[in-house]
J.: 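Here you go, one structure.
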Amino acid sequence: MDLELRHLKIIRAIDEAGSLTRAATSLGLAQSALSAQLKRIERALGGPLFERGRHGARPTPLGELVLDRARVLLPAMRELQEQAVRFANTLEDLPRFRLGGTHGPLLGGLVDQLSVLHPHATISTLTSWSVEELSELVVAGRLDFTLVGTCGESTPPAADQLVWRTVARDPIFVMLSENHPLAEEPEIELERLAGEQWVDAPGDGCFGDCFYAACARAGFTPSSVYEMDTSGCVHLVQLGRAVALCRAIFPPTPGVVTLPLAGSPLSWRHLIGWHPASAAAGAAPAVVMHARQVHRDAAGRNPWYAKWLAAHARFGTAS
């Protein structure tokens, strides 16, 4: 494996946090995923970078050597990227919006709004399940804005390089077949779903850990969690083969119902990010406003959620 800048960022984050647990939280990763990445990096470099014990993680002599180089390379590369972004954007005379996003309804809605308001602008989109990938593309100047989500209050990627604004905060709902015995309930306690098969869409970040932690607090461990794309998730739920977690703005879909979980044990922050040195940064306040309107419209199209929001003021579109 070739060493990359993102690997140096991981090593620096572990050193600054003093433990893998705190570093995983700051990076928005599961601890198991961070530990696996560190092992791959250590194999590539030929030895352990940290001594891990009761008091956290301390760099080894090899780790100190790598950290010394990282402290020089990372700021230099960041400066180079910022200069390149500024240079690239001076070559563009026509207005454009290069948008990225994870799979969901907000990206399409934002394209629609911008197309109406800027009919002569060039608009392009890129979707990915990986929040890390999308953030790296914005840092590199290949995207102007990206729409992503984080579990609860988790820190978004590249928080030291990108500007992030909250579009909305939604609870996580559960999706059931319309024929499920609990489909008529106003809300469902998570523990009542202990015997269900689960299905979820892929993605990086800590959402999987947050879900398992919520299940543990409810007194159970999910027996199995299938992973597939959104259409596959919906199909299994329609068949009654599984239940799924979904964002509260998930649009009404034949054959399924989406219901709130009692106490809102899981939540999702919709974020939009951009590079402060990009030419697009000047348009950011307007783009944020449009993204929030898209969320407001999406929430209004889900009657269950619109009713639920009226009684839960801490959720919904940011102001």
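By convention here, the first residue in the shown sequence is residue 1. Excluded from the calculations below are hydrogen atoms, water molecules and symmetry mates; all remaining heavy atoms, backbone and side chain alike, are included.
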J.: Ignoring hydrogens, what is the shortest heavy-atom contact between Glu227 and Ala201? Give both atom names and the distance.
T.: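 Nearest heavy atoms, Glu227 then Ala201: CG-C, 4.3 Å.
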
J.: Which value, rounded to the nearest 0.5 Å, describes the distance between Leu162 atom CG and Leu271 atom CG?
T.: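 Result: 11.0 Å between the selected atoms.
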
J.: Are Leu126 and Leu114 co-members of a hydrophobic cluster defined by side-chain heavy atoms under 4.5 Å apart?
T.: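 No, no single cluster joins them.
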
J.: Is Met289 reachable from Val287 through a run of hydrophobic residues whose side-chain heavy atoms are each under 4.5 Å from the next?
T.: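 Not linked; separate clusters.
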
J.: Check whether more than 12 heavy atoms from other residues, nucleotides or ligands sit under 6.0 Å from atom CZ of Arg71, and answer yes or no.
T.: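 More than 12 within 6.0 Å, yes.
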
J.: Using the rule given for side chain to side chain contact (heavy atoms under 4.5 Å, CB included), can you reason through Tyr226 versus Leu236, listing the C-alpha separation, both sets of side-chain angles and the distance that settles it, and then say yes or no?
T.: CA-CA 10 Å; Tyr226 305 118; Leu236 276 187; 3.9 Å; yes

J.: May I ask you to decide whether Arg12 forms a salt bridge with Asp160, counting only side-chain N to carboxylate O separations under 4.0 Å?
T.: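 A salt bridge links Arg12 with Asp160.
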
J.: Applying side chain to side chain contact (heavy atoms under 4.5 Å, CB included), can you list everything that pairs with Ala121, at least two apart in sequence or on another chain?
T.: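 Once residues adjacent in sequence are excluded, the partners of Ala121 under the side chain to side chain contact (heavy atoms under 4.5 Å, CB included) criterion are Pro95, Phe97, His118.
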
J.: Given the rule that I, L, V, M, F, W and Y join up when any side-chain heavy atoms are under 4.5 Å apart, are Ile14 and Leu49 in one cluster?
T.: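 Ile14 clusters together with Leu49.
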
J.: Under the rule for salt bridge (Lys or Arg N to Asp or Glu O under 4.0 Å), what residues qualify as partners of Glu189, not counting sequence neighbours?
T.: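 If we apply the salt bridge (Lys or Arg N to Asp or Glu O under 4.0 Å) test to Glu189, skipping adjacent residues, the hits are Arg192.
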
J.: Less than 4.5 Å apart, side chain to side chain, heavy atoms only: is that true for Val288 and Phe145?
T.: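 Answer no - side chains too far apart.
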
J.: Do the side chains of Leu107 and Thr127 get nearer than 4.5 Å, heavy atoms only?
T.: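 Yes. Closest side-chain heavy atoms under 4.5 Å.
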
J.: Enter the distance from Gln37:CD to Arg6:CZ here, rounded to the nearest 0.5 Å.
T.: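 It comes to 6.0 Å.
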
J.: List the atom of Phe250, the atom of Val234, and the distance in Å for their closest heavy-atom pair.
T.: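 Distance-wise, the nearest heavy atoms are CZ-CG2, 3.6 Å.
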
J.: Which donor-acceptor pairs under 3.5 Å do side chains of residues 16-26 form with protein atoms, sequence neighbours excluded?
T.:
from: Ser19; atom 1: OG; to: Arg22; atom 2: N; distance (Å): 3.1
from: Thr21; atom 1: OG1; to: Gln31; atom 2: OE1; distance (Å): 3.0
from: Arg22; atom 1: NE; to: Ala17; atom 2: O; distance (Å): 2.8
from: Arg22; atom 1: NH2; to: Ala17; atom 2: O; distance (Å): 3.1
from: Thr25; atom 1: OG1; to: Thr21; atom 2: O; distance (Å): 3.2
from: Ser26; atom 1: OG; to: Ala23; atom 2: O; distance (Å): 2.8

J.: Flag the pair Arg69 and Glu64 as a salt bridge only when some basic side-chain nitrogen lies within less than 4.0 angstrom of an acidic carboxylate oxygen.
T.: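 A salt bridge is absent here (no side-chain N lies under 4.0 Å from a carboxylate O).
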
J.: Heavy atoms only: give me the nearest Val163-Pro276 pair and the separation to one decimal.
T.: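 The pair with the smallest heavy-atom distance is CG2-CB, 3.9 Å.
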
J.: So, for Ala291 and Ile272, which heavy atoms are closest and what is the spacing to 0.1 Å?
T.: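 Looks like CB-CD1, 4.3 Å.
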
J.: Which atom pairs, one a donor and one an acceptor, fall under 3.5 Å between side chains of residues 306-319 and the rest of the protein, sequence neighbours left out?
T.:
from: His312; atom 1: ND1; to: Trp308; atom 2: O; distance (Å): 2.8
from: Thr317; atom 1: OG1; to: His295; atom 2: ND1; distance (Å): 2.7

J.: On a heavy-atom basis, which atom in Pro105 and which in Ile249 lie closest, and how many Å separate them?
T.: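 Closest approach of Pro105 to Ile249, heavy atoms only: CG-CD1, 3.7 Å.
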
J.: For a side chain to side chain contact (heavy atoms under 4.5 Å, CB included) check, start with the C-alpha distance between Val174 and Leu176, then their side-chain angles and the critical distance, and finish with the verdict.
T.: CA-CA 6 Å; Val174 63; Leu176 308 175; 3.9 Å; yes

J.: Taking the six-membered ring for Trp and the single ring otherwise, decide whether the centroids of Tyr305 and Phe173 are under 6.0 Å apart.
T.: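 Yes, the ring of Tyr305 comes within the 6.0 Å limit of the ring of Phe173, centre to centre.
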
J.: Apply side-chain hydrogen bond (donor to acceptor under 3.5 Å, both in side chains) to Glu196 and list each qualifying residue two or more places apart in sequence or on a separate chain.
T.: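 With neighbours one apart ignored, the set is His180.
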
J.: Under a single-linkage definition using a 4.5 Å side-chain heavy-atom cutoff for Ile, Leu, Val, Met, Phe, Trp and Tyr, are Ile172 and Met228 assigned to the same hydrophobic cluster?
T.: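 Ile172 does not cluster with Met228.
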
J.: Begin with the C-alpha distance, continue with both residues' side-chain angles, and end with the deciding distance and a verdict on side-chain hydrogen bond (donor to acceptor under 3.5 Å, both in side chains) for Glu51 and Thr60.
T.: CA-CA 6 Å; Glu51 295 177 353; Thr60 64; over 6 Å; no

J.: Leu245, Val243: one ILVMFWY side-chain cluster at the under-4.5 Å cut-off?
T.: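 Linked within one cluster.
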
J.: Sorted by first residue and then second, give each side-chain hydrogen bond (donor to acceptor under 3.5 Å, both in side chains) pair with at least one member in residues 241-253; sequence neighbours left out.
T.: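 Pairs touching residues 241-253 that pass the test: none.
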
